[in-house]
Amino acid sequence: MKHRIIFHIDVNSAYLSWEAAYRLQHGESTDLRNIPSIVGGDESKRHGIVLAKSIPAKKYGILTGESIYSAKQKCPNLTIIPPNYERYMKASSSMVDLLEEYSSYIQRYSIDEVFLDYSYGNEQNFLDIAYEIKERIKKELGFTVNIGIGPNKLLAKMASDFKKPDRVHTLFHYEIEDKMWPLPVDKLFMVGSKTKKKLNGRGVFTIGELAKLDREYIYSWLKKPGLLIWEYANGIENSPVRNIPLPVKSVGNSTTTSYDVDNRKESYMFLLALSEMVGMRIRDLEQSGRVISISLKSHQFHSYSHQKKLDIPTDSTNAIYKTAKKLFDKIWNEEPIRRFSVNISELYSNEFCQLSLLEDYDPREEILDKTIDKIRNRYGYNSVIRSCFLYSGIKPIIGGVVAEEDYPMMSSIF
DNA sequence: TCTGGGGTCCTAGGACCC
DNA sequence: TCTGGGGTCCTAGGACCC
């Protein structure tokens, strides 16, 4: 195979930029990008974390993922904007539309990151093309991006993370030593805080120091993940730019409650509200799953989980909920809960599970679920709700990811 | 009113089988 | 009664990503 030229296009402070661009286009005069500002969740609902920050906010030391409470301590006159995911999805899609003019080998890696394979373009002009793309996005869509260019996805992604914003960088093999090896080891994709700590503990502080370790040594120490980061540190990575997303392996929803839940009855209601969403989504995919799991986070932030493998795969809201309830009863130790999650995995396409051949199969359940899905999709999620939620103050369906065709899934694999 | 929500993959340990 | 050992499946927990 001939050598490749991969672009990684990364929107600068995506949610914040999109919010800023949207507001300017709708008549606002201040550009959020020029003041200390963040996009963040609702503190009163205990969703108060920083999702994106402006560069001025960054100068106050505000970090993505930290609590808004602490961000405000760092910068008392911080402007805080609630997130609007639909808006971001649209902005992301217009960017993808523009990129598709340049290659049909495009992978939507996350809502704000795209890989583009330029190997089949004119190899001489890839830099010009990258600058053209960057400028067009700025002019036509109103936000800036970084573009990283490399011989594979890993190096392209590392390159796009160099100096920001509004830049184009390259990182080819011959540039690794100068541009990547001096960086702190946790700048490397897949080296998080835990691994950084381990590596530092054995005197490895830069990506270059990791790269020069003995291959067998790192494997015997950190196993597969160790080998992976060692290869990354050496610029070794060869996954394709995926035109078609990998099949979904699990579907789950979770919620942090606005107060600690200390009783079984309300816990069941949250599990039901989440099961409703998981059920809708799995049916939308026309799949069924065999493994149901729940996970709880206590008021003291301790997490624990439990799972159950069913005899046959299911896509029924009631079946998911019944299993979730049983699992909850097995693990709940009466301590107050702040977060519930419900998940379904080991998925099978409905084409291949002939449930109707089973003896205890009741088609009425399936028809009811499907009918309710249709009504909810047409008239809104709250057009049909279970009566137990009436006057309860608890939302009858909880969870995000509206069943859209190819919503880009973020993940730690290329 | 300090700490979200959506995912994937890997490992370790135990059960169970031959 | 000193105890091998390989394979598979299952489960809980943890690491990482955006």
Side-chain angles (χ1 to χ4, degrees), chain A residues 8 10-11 13-15 39-52 63-74 80 82-83 85 88-89 92 108-114 153-154 157 160-161 186 188-198 222-229 232 245-260 274 277-278 281 290-310 327 330-331 338-347 398-402 404 407-414:
Chain A
H8 179 251
D10 188 337
V11 179
S13 334
Y15 291 0
V39 173
D42 184 345
E43 281 184 290
S44 70
K45 290 185 177 155
R46 306 203 295 188
H47 295 177
I49 66 155
V50 176
L51 298 163
L63 305 168
T64 301
E66 83 174 316
S67 67
I68 293 177
Y69 178 88
S70 106
K72 282 197 289 200
Q73 310 258 294
K74 292 175 180 174
I80 302 166
Y85 295 100
Y88 309 152
M89 203 53 216
S92 170
R108 222 168 164 164
Y109 179 68
S110 75
I111 194 165
D112 67 334
E113 293 180 39
V114 176
K153 284 155 75 179
L154 183 268
K157 184 163 166 59
S160 70
D161 201 38
D186 58 323
L188 183 65
F189 183 72
M190 290 305 284
V191 177
S193 66
K194 302 287 179 180
T195 309
K196 171 203 163 100
K197 221 172 169 181
K198 284 187 198 171
L222 299 174
K223 305 291 183 265
K224 272 194 187 186
L227 203 52
L228 187 77
I229 59 173
Y232 286 177
L246 293 169
V248 174
K249 299 235 164 129
S250 70
V251 169
N253 285 98
S254 63
T255 189
T256 295
T257 51
S258 53
Y259 55 91
D260 290 333
L274 290 164
M277 182 56 88
V278 171
R281 289 176 58 203
R290 247 190 105 179
V291 176
I292 308 295
S293 71
I294 68 161
S295 145
L296 305 174
K297 192 196 278 185
S298 78
H299 63 139
Q300 285 162 329
F301 282 80
H302 176 243
S303 292
Y304 44 106
S305 66
H306 226 53
Q307 69 180 57
K308 165 108 184 130
K309 189 166 189 169
L310 307 176
L327 290 167
K330 272 192 201 154
I331 56 173
R338 74 171 277 133
R339 180 169 184 264
F340 295 86
S341 65
V342 173
N343 193 283
I344 187 166
S345 55
E346 199 178 312
L347 305 185
I398 299 176
V401 187
V402 205
E404 287 299 333
Y407 188 86
M409 276 338 306
M410 312 152 187
S411 86
S412 45
I413 54 160
F414 288 143

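Reckoned from all heavy atoms, side chains included, excluding hydrogens, waters and symmetry mates. So that the names make sense, note that chain A is the first sequence line, chain B the second, and so on, each numbered from 1.
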Spacing of [X] atom [atom1] relative to [N] atom [atom2], expressed in whole Å:
X: A:K72; N: B:dT1; atom1: NZ; atom2: P; answer: 12 Å
X: A:E43; N: B:dT1; atom1: CD; atom2: P; answer: 11 Å
X: A:R108; N: C:dC18; atom1: CZ; atom2: P; answer: 17 Å
X: A:L188; N: C:dC17; atom1: CG; atom2: P; answer: 9 Å
X: A:L51; N: B:dT3; atom1: CG; atom2: C1'; answer: 12 Å
X: A:K308; N: C:dC9; atom1: NZ; atom2: P; answer: 18 Å
X: A:I111; N: C:dC17; atom1: CD1; atom2: C1'; answer: 15 Å
X: A:R46; N: B:dG4; atom1: CZ; atom2: C1'; answer: 12 Å

Reckon [X] touches a base, only the sugar-phosphate, or nothing at all at heavy-atom distances under 4.0 Å?
X: A:S293; result: nothing
X: A:S193; result: sugar-phosphate
X: A:Y304; result: sugar-phosphate
X: A:S70; result: nothing
X: A:E66; result: nothing
X: A:G65; result: nothing
X: A:G48; result: sugar-phosphate

Which listed nucleotide ([options]) is nearest to the side chain of [X]?
X: A:D112; options: B:dC2, B:dT8, C:dC18; result: C:dC18
X: A:S250; options: B:dT3, B:dT8, B:dG5; result: B:dT8
X: A:R338; options: B:dT8, B:dG4, B:dC2; result: B:dG4
X: A:S110; options: B:dT3, B:dG5, C:dC18; result: C:dC18
X: A:Y69; options: B:dC2, B:dT8, B:dT3; result: B:dC2
X: A:K157; options: C:dC18, B:dT3, C:dC17; result: C:dC18
X: A:T195; options: B:dG6, B:dC2, C:dC16; result: C:dC16

inquiry  = Tell me whether A:Y259 at atom OH has more than 12 heavy atoms from other residues, nucleotides or ligands lying less than 6.0 Å away.
reply    = yes
Side-chain N or O of A:N253 closer than 4.0 Å to phosphate OP1/OP2 of B:dG5 = no
request  = Return no unless some side-chain N or O of A:R339 is found under 4.0 Å from OP1 or OP2 of B:dG4.
outcome  =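 No, no such contact exists.
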Sub-3.5 Å pairs of nitrogen or oxygen atoms, protein against nucleotides 10-15 of chain B:
| unit_1 | atom_1 | unit_2 | atom_2 | d |
| --- | --- | --- | --- | --- |
| B:dT11 | OP1 | A:K224 | N | 3.1 |

ask   = Residues two or more places apart in sequence or in another chain: which of them pass salt bridge (charged side-chain N to carboxylate O under 4.0 Å, His left out) with A:K157?
value =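 With sequence neighbours excluded, A:K157 shows a salt bridge (charged side-chain N to carboxylate O under 4.0 Å, His left out) to A:E113, given in chain and number order.
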Taking the side chain as everything from C-beta on, heavy atoms only, tell me whether [X] gets closer than 4.5 Å to [Y].
X: A:I331; Y: A:I294; result: yes
X: A:V11; Y: A:Y88; result: no
X: A:T256; Y: A:H47; result: yes

task = Sticking with atom P, work out how far B:dG14 lies from C:dG4, rounded to a whole angstrom.
result = 16 Å
Nearest non-hydrogen partners of A:S92 and A:R108, listed with the distance =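 So the two residues come closest at OG-NH2, 3.0 Å.
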task = Search all heavy atoms of A:I413 against all heavy atoms of A:Y109 and return the closest pair with its distance.
result =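 Scanning both residues, the minimum pair turns out to be O-CE1, 3.4 Å.
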Give the table of side-chain donor-acceptor pairs shorter than 3.5 Å for residues 301-310 of chain A, with sequence neighbours excluded, one pair per line with atom names and distance.
| unit_1 | atom_1 | unit_2 | atom_2 | d |
| --- | --- | --- | --- | --- |
| A:Y304 | OH | A:N333 | OD1 | 3.4 |
| A:Y304 | OH | A:E335 | OE2 | 3.2 |
| A:K309 | NZ | A:E346 | OE1 | 3.3 |

message = Go nucleotide by nucleotide along DNA chain B from the 5' end; which of A:S67 and A:S254 gets its closest nucleotide reached first?
response =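 Looking at DNA chain B, the more 5' nearest nucleotide goes with A:S67.
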inquiry  = Only Watson-Crick and G-U wobble pairs with both distances less than 3.5 Å should count. Give DNA chain B in dot-bracket notation, marking inter-strand partners with |.
reply    = ....||||||||||||||
query = Which residues pass the side chain to side chain donor-acceptor pair (under 3.5 Å) test with A:T255, sequence neighbours left out?
reply =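 Partners of A:T255 under the side chain to side chain donor-acceptor pair (under 3.5 Å) test: none.
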message = For A:Y232 and A:F414, take the angle between the two ring planes, folded into 0 to 90°, and tell me which bin it lands in: parallel under 30, tilted 30 to 60, perpendicular over 60.
response =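 A:Y232 and A:F414: tilted rings.
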ask   = side-chain contact (heavy atoms from CB on, under 4.5 Å) with A:I49: which residues, sequence neighbours excluded?
value =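 Per chain and number, A:I49 pairs via side-chain contact (heavy atoms from CB on, under 4.5 Å) with A:L51.
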